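Step one of this worksheet: look at the structure below.
None of the values given here were measured: they were computed from a predicted structure. Convention: sequence-line order gives letters A, B, ...; per-chain numbering from 1.
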Amino acid sequence: MVVVSLANGAKREYPRGTRVADIVDELGGRLKKEALVARVNGVVHDLSYALDEDAEVCILTFNDSDGEDVYRHTSSHILALAVKRLFGDVKLGIGPSIKDGFYYDFDCKETFVPTDLERIEKEMEKIIKEDLPLERFELERTHALKFFADSGEIYKVELIEGLPEDAVISCYRCGEFVDLCAGPHLPSTGKVKAVKLLSLAGAYWRGSEKNPMLQRIYGTSFPKKSMLEEYLHRLEEAKKRDHRKLGRELDLFSIQDEGPGFPLLHPRGMIIRNELENFWREEHRRDGYSEIKTPIILNRVLWERSGHWDHYKENMYFTQIDEQDFAVKPMNCPGAMLVFRTKMHSYRDLPVRMGELGLVHRHELSGTLHGLMRVRAFTQDDAHIFMLPSQIKDEVAKVIELTDRIYNVFGFEYHVELSTRPEKAMGSQEMWDAATSALREVLEERNISFVINEGDGAFYGPKIDFHLKDSIGRTWQCGTIQLDFQMPEKFDISYVGEDGQKHRPAVIHRVVFGSIERFFAVLIEHYAGAFPVWLSPVQTVIIPITDRHHEYANQVLAALEKEGIRAEADLRSEKVGYKIREAQLQKIPYMLVVGDKEAESGEVGVRERSAGDVGSLPLDQFIANIKEEINNKS
RNA sequence: GCCGACGUAGCUCAAUUGGCAGAGCAGCUGACUUGUAAUCAGCAGGUUGCGGGUUCGAGUCCCAUCGUCGGCUCCA
């Protein structure tokens, strides 16, 4: 017998070899209907898993993230089977679950077209109706290799070859289809209730552009039709917050054919940007930063020295001046090095924190451009911190604090990644190890959870990245803290130590917003265009009811402008409702309706963007309120 | 850069098998003088992304190119 402890604390005895499914049957009820897989002693298994020792068993449903994962994973197998049935010469890549869905990669002579998705979807529904069981079995390595080689599955063969010698090679049979798969899976295809194929895309095999490009089909699935509909509805809603759409509607910025990846900021967008920069300067002054500005174009020699010529040339723009080669800066660091080098620094002066709102240009691949999120010219809210090696951890911690402080003003949630040595890197392994563990220690000491991003560091050092979400849940790297022992060497910068000798300082490159353009885009989506008052391009619009209230409207306007409040008066001969509708669509935080009543009493009728009509206030009182709101950035 | 889809008025979208490029909103002009999300009427607005080709005739078909969108890759 084996002793099984269930999630609710109950302990029961079962004969050895009892399957989890048998336990689920016995438990009955809703769980029996919803059970997908089970976590047995911490490992997720099929319901058909046979218990051969005492175990803690937790039955998982779609509500558990592991359950959801398996649900989508099985859905991807159904997709693969459907494609196999409908298309002759198909080789399979991989088909994992992803956030909110799944995909499968296919190598198929025929090019899938959007109407194929409907066909495939229908076939998937058929497979679901057939309620085919997914059966797990193991193959010995050479058998597995032969099996997949015989069936022409060259990608699967490659996957098996990549597995460690002692790996258990498992496969799942689903109807006439056998796939190499670690599992686990749902007991049968009928468990999948609502499935929808969403899009078609090319994807390199194993993510490398050296490999052939496969056709990827994305989809999602849910245990209830209503959940699928809700999800699709949510996607539609999210699209309404897309910063590209709002940027046009709110007249914030444009990107035109004449400058792909080179955004044009309109007056209203510029107001927001300036507010962000003002805020940035305040916070950085408070933390002991100075500010510099370095040129956009500098001599090629500088870039050879910095290592950019060797490591970053493909991303740079070049030009010639007086028959000499110059480069448009893709990063601000070399300029900062030049500034630091202009004078002697004592160890007593360190750390030196030098900020720069620096405009950089990078030649990004055309296919990667995306609104303001990925562009070819952007302003980094950069800073370089020159410090004693002993100050590294303190300074990194201070930057983390500053970043957190700034993100909190906007109410952002973010996740942190630690990126390690890339293939194409400068500096010794020891240097990288020391720098990487310094970053890791700071994160660990501050109890900040992070994921490791292997090989994703900058060419000169490891980094901590801060990622923010866009409206449809894609994350974008914004803040980053990069440790650099290379640049100080290359530029031979130094400080004079206590001993009167020259020493090499360590350098941190860091940004908080990251790119002001990208941060702006994330902000637009985060607020859905309804910016807090301090950021709103127009903070108040005055709406006179008829022409005879224009004089009072102008008085109110003058009073607001005198207090530095961004206000406009809508003097068009339109109805109040019309002007309000327009102000609402422009997401202006306050509308002041003024008519006879207000003109007489010196009040304003306040309509708040989301709360609606909130009644009349003396003008002075309104001004005091809005000023407080602006100052608090609330 | 690669794979796929798509480019029609400032915006959102129509245009039968290839057969006179159209509507709403926005804009302009006028009337209306309005109390919390669209007053009415009129006017104007286009080398259908750009360049070739097929055809009696191309927004529609073909080629090329630029751009956009969704991914891949890359990255702030």
Side-chain angles (χ1 to χ4, degrees), chain A residues 103 105 111-114 116 198-218 239 242 244-245 248-249 251 254-261 312 314-315 330-332 360 362-382 419 422 456 458 463 465-468 472 474 476-480 482 509 511-519 521-522 543-550 572-585 591-598 605-609 612-616:
Chain A
Y103 67 78
D105 287 342
T111 303
F112 301 144
V113 296
D116 287 335
L198 297 169
S199 64
L200 213 44
Y204 297 110
W205 167 238
R206 300 195 131 178
S208 166
E209 55 194 333
K210 290 178 198 104
N211 290 337
M213 182 163 275
L214 310 180
Q215 302 188 69
R216 177 171 298 176
I217 297 177
Y218 285 93
K239 276 188 196 151
D242 190 311
R244 294 166 296 189
K245 183 174 156 65
R248 187 174 53 237
E249 288 170 357
D251 196 14
S254 60
I255 300 175
Q256 306 181 27
D257 287 1
E258 288 78 356
Y312 209 72
E314 310 76 56
N315 286 294
M331 295 186 193
N332 300 302
V360 299
R362 297 182 185 175
H363 179 79
E364 298 296 342
L365 295 177
S366 60
T368 68
L369 302 179
H370 183 94
L372 290 181
M373 295 285 192
R374 178 165 289 106
V375 290
R376 285 175 170 161
F378 56 99
T379 304
Q380 292 186 303
D381 63 316
D382 222 333
S419 296
D456 210 39
K463 57 181 188 159
D465 294 325
F466 298 80
H467 292 250
L468 300 176
I472 58 172
R474 291 175 294 208
W476 297 87
Q477 185 189 314
C478 288
T480 174
Q482 314 185 343
H509 308 245
V511 290
V512 179
F513 293 150
S515 133
I516 295 184
E517 289 75 3
R518 176 179 290 179
F519 194 79
V522 175
I543 300 177
I545 288 168
T546 72
D547 292 358
R548 75 173 176 279
H549 309 114
H550 283 190
R572 295 173 303 174
S573 60
E574 294 289 352
K575 289 189 169 178
V576 176
Y578 181 86
K579 296 182 188 178
I580 284 177
R581 176 180 155 82
E582 203 139 291
Q584 279 301 148
L585 291 175
M591 287 152 258
L592 304 182
V593 178
V594 297
D596 291 331
K597 253 184 338 196
E598 289 78 11
V606 181
R607 182 188 167 92
E608 205 270 327
R609 178 169 57 190
D613 190 352
V614 293
S616 284

Short side-chain N/O contact to [N] OP1/OP2 from [X], under 4.0 Å:
| X | N | result |
| --- | --- | --- |
| R248(A) | U12(B) | yes |
| R572(A) | C28(B) | no |
| R244(A) | C69(B) | yes |
| H370(A) | G70(B) | yes |

Indicate, with a heavy-atom threshold strictly under 4.0 Å, whether [X] touches base, sugar-phosphate, or nothing.
| X | result |
| --- | --- |
| V360(A) | nothing |
| G595(A) | base |
| R518(A) | base |
| D596(A) | base |
| E598(A) | base |
| Q215(A) | nothing |
| K597(A) | base |
| A201(A) | base |

When rounded to the nearest Å, what value does the distance between [atom1] atoms of [N] and [M] take?
| N | M | atom1 | value |
| --- | --- | --- | --- |
| A14(B) | G24(B) | C1' | 11 Å |
| G18(B) | C62(B) | P | 11 Å |
| A37(B) | A41(B) | C1' | 23 Å |
| U8(B) | U68(B) | P | 14 Å |

Of all the choices, [options], which nucleotide is nearest to the side chain of [X] once you look at every atom?
| X | options | value |
| --- | --- | --- |
| T111(A) | G4(B), C72(B), A76(B) | G4(B) |
| R474(A) | C75(B), G70(B), G35(B) | G70(B) |
| Y204(A) | C72(B), G70(B), U12(B) | C72(B) |
| L585(A) | G35(B), A37(B), U33(B) | A37(B) |
| R216(A) | A76(B), U34(B), G71(B) | G71(B) |
| Y578(A) | A38(B), C75(B), U34(B) | A38(B) |
| K463(A) | A38(B), A76(B), U36(B) | A76(B) |
| Q477(A) | G67(B), G35(B), A76(B) | A76(B) |
| R581(A) | U34(B), A38(B), A76(B) | A38(B) |
| T368(A) | A76(B), G70(B), U73(B) | U73(B) |

Worksheet item: Does the ring of W476(A) lie flat against the base of A76(B), closer than 5.5 Å centre to centre with planes under 30°?
Response: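 Whether judged by distance or by angle, W476(A) falls short somewhere, so it does not stack on the base of A76(B).
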Taking a pair as Watson-Crick or G-U wobble with both distances under 3.5 Å, which nucleotide is matched to [N]?
| N | answer |
| --- | --- |
| U60(B) | none |
| A5(B) | U68(B) |
| U12(B) | A23(B) |
| U47(B) | none |

Rounded to whole Å, please give me the gap between [atom1] in [X] and [atom2] in [N].
| X | N | atom1 | atom2 | answer |
| --- | --- | --- | --- | --- |
| E209(A) | C3(B) | CD | P | 13 Å |
| I217(A) | C3(B) | CD1 | P | 18 Å |
| E249(A) | G10(B) | CD | P | 17 Å |
| H363(A) | G1(B) | NE2 | P | 6 Å |

Discussion item. Between Q256(A) and L214(A), which residue's closest nucleotide on RNA chain B lies nearer the 5′ terminus?
Written reply: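 It is L214(A), whose closest nucleotide lies nearer the 5' terminus.
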Discussion item. Looking at K239(A), is its backbone amide N or carbonyl O close enough to the side chain of D242(A) to form a donor-acceptor pair, meaning the two atoms are under 3.5 Å apart?
Written reply: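 No, because the side chain of D242(A) does not come within donor-acceptor range (under 3.5 Å) of the backbone of K239(A).
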Worksheet item: Looking at side-chain heavy atoms only, is the closest gap between K210(A) and Y204(A) below 4.5 Å?
Response: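 Contact flag for K210(A)/Y204(A) side chains = no.
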Item to complete: Output yes when R581(A) and E574(A) qualify as a salt bridge under the 4.0 Å nitrogen-oxygen rule, no when they do not.
Response: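 Salt bridge flag = no for E574(A) with R581(A).
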